[in-house]
Asker: 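Sharing a structure, written as structure tokens. Questions coming.
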Amino acid sequence: MKPGKFLLGVALAACVLAGCSKSSSQGSGTAKSVNVGTVELTSGQPNRQDLGDGMACVFTAQPLGPGTIELVAVLEKSGKTIATTRKAPTQADVPLDLTFGETHVGVTPHLK
């Protein structure tokens with residue numbers, strides 16, 4: 001076998017093995033998806049929602065106009081902030097999907 005073909009074969013085998021080990025580590029249960037449903041929000045007041053497994057999401061909304069809000073969501077684990085996201089403008093009373101890395105939170109923000 002020619003050295004070039006041998007190296008190509010080794011490289012291909014390494015890519016296949018790396019792909020297999022990567023997919024098995026992704027299936028380790030680290031991904032989490034939770035839908036907290038409709039969350040009643042008061043302007044400027046944080047609303048903490050338990051996600052289970054020591055995780056929580058804290059939502060804070062500010063009105064921007066009729067039916068439109070700015071939503072800030074803070075993901076916490078064991079009381080420590082691990083991620084934050086901001087959606088603005090977004091519609092009140094419309095389901096919203098928030099992504100924090102491998103954690104996905106579904107929420108329908110309702111401003112009182």
Side-chain angles (χ1 to χ4, degrees):
M1 181 180 268
K2 292 183 179 180
K5 287 185 179 182
F6 177 74
L7 290 176
L8 179 61
V10 170
L12 181 59
C15 289
V16 169
L17 291 175
C20 290
S21 64
K22 183 177 181 182
S23 64
S24 66
S25 68
Q26 287 176 343
S28 65
T30 57
K32 183 176 183 91
S33 183
V34 178
N35 190 325
V36 296
T38 300
V39 175
E40 298 282 330
L41 299 166
T42 301
S43 179
Q45 298 297 314
N47 182 313
R48 182 183 183 88
Q49 298 291 311
D50 182 32
L51 304 180
D53 298 327
M55 297 180 77
C57 194
V58 181
F59 300 100
T60 307
Q62 294 291 336
L64 297 176
T68 305
I69 61 172
E70 171 189 49
L71 182 68
V72 176
V74 178
L75 184 66
E76 297 179 347
K77 181 158 178 109
S78 301
K80 296 186 184 222
T81 298
I82 58 173
T84 302
T85 190
R86 175 184 168 269
K87 298 291 184 182
T90 193
Q91 295 295 311
D93 301 311
V94 174
L96 181 64
D97 291 313
L98 304 173
T99 302
F100 303 93
E102 291 187 4
T103 301
H104 302 275
V105 178
V107 62
T108 302
H110 175 76
L111 195 59
K112 293 181 187 178

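Scope of the values below: all heavy atoms of this structure, side chains included, with no hydrogens, waters or symmetry mates.
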Asker: Nearest 0.5 Å please: distance from the NE2 atom of His104 over to the OG1 atom of Thr99.
Answerer: 5.0 Å
Asker: For a side-chain contact (heavy atoms from CB on, under 4.5 Å) check, start with the C-alpha distance between Leu41 and Lys112, then their side-chain angles and the critical distance, and finish with the verdict.
Answerer: CA-CA 6 Å; Leu41 299 166; Lys112 293 181 187 178; over 6 Å; no
Asker: What pairs with Gln49 under side-chain contact (heavy atoms from CB on, under 4.5 Å), at least two apart in sequence or on another chain?
Answerer: Val36, Val39, Asn47, Phe59
Asker: In chain order, what residues pass the side-chain contact (heavy atoms from CB on, under 4.5 Å) check against Pro95, with sequence neighbours excluded?
Answerer: Thr108
Asker: Would you compute the distance between atom CG of Asn35 and atom OG1 of Thr38 and round it to the nearest 0.5 angstrom?
Answerer: 8.5 Å
Asker: Over all heavy atoms of both residues, which pair between Gln62 and Ser43 is shortest? Give the atoms and the distance, please.
Answerer: OE1-OG, 3.4 Å
Asker: Following the transitive rule for hydrophobic clusters with a side-chain heavy-atom cut-off under 4.5 Å over Ile, Leu, Val, Met, Phe, Trp and Tyr, establish whether Leu51 and Val58 coincide in one cluster.
Answerer: no
Asker: Please tabulate, for the side chains in residues 72-85, all donor-acceptor contacts under 3.5 angstrom to protein atoms that are two or more places apart in sequence or on a different chain.
Answerer:
residue, atom, partner, partner atom, Å
Glu76, OE1, Arg48, NH1, 2.4
Glu76, OE1, Arg48, NH2, 3.2
Lys77, NZ, Asp53, O, 3.4

Asker: Looking only at non-hydrogen atoms, find the nearest pair between Gly44 and Pro46 and report the distance.
Answerer: O-CD, 3.7 Å
Asker: Does some side-chain heavy atom of Thr90 sit less than 4.5 Å from a side-chain heavy atom of Ile69?
Answerer: yes
Asker: Atom CZ of Arg86 and atom CG of Leu71: how far apart are they, to the nearest 0.5 Å?
Answerer: 10.5 Å
Asker: Please name the pair of heavy atoms, one in Leu111 and one in Pro63, separated by the smallest distance, quoted to 0.1 Å.
Answerer: CD2-CB, 3.8 Å
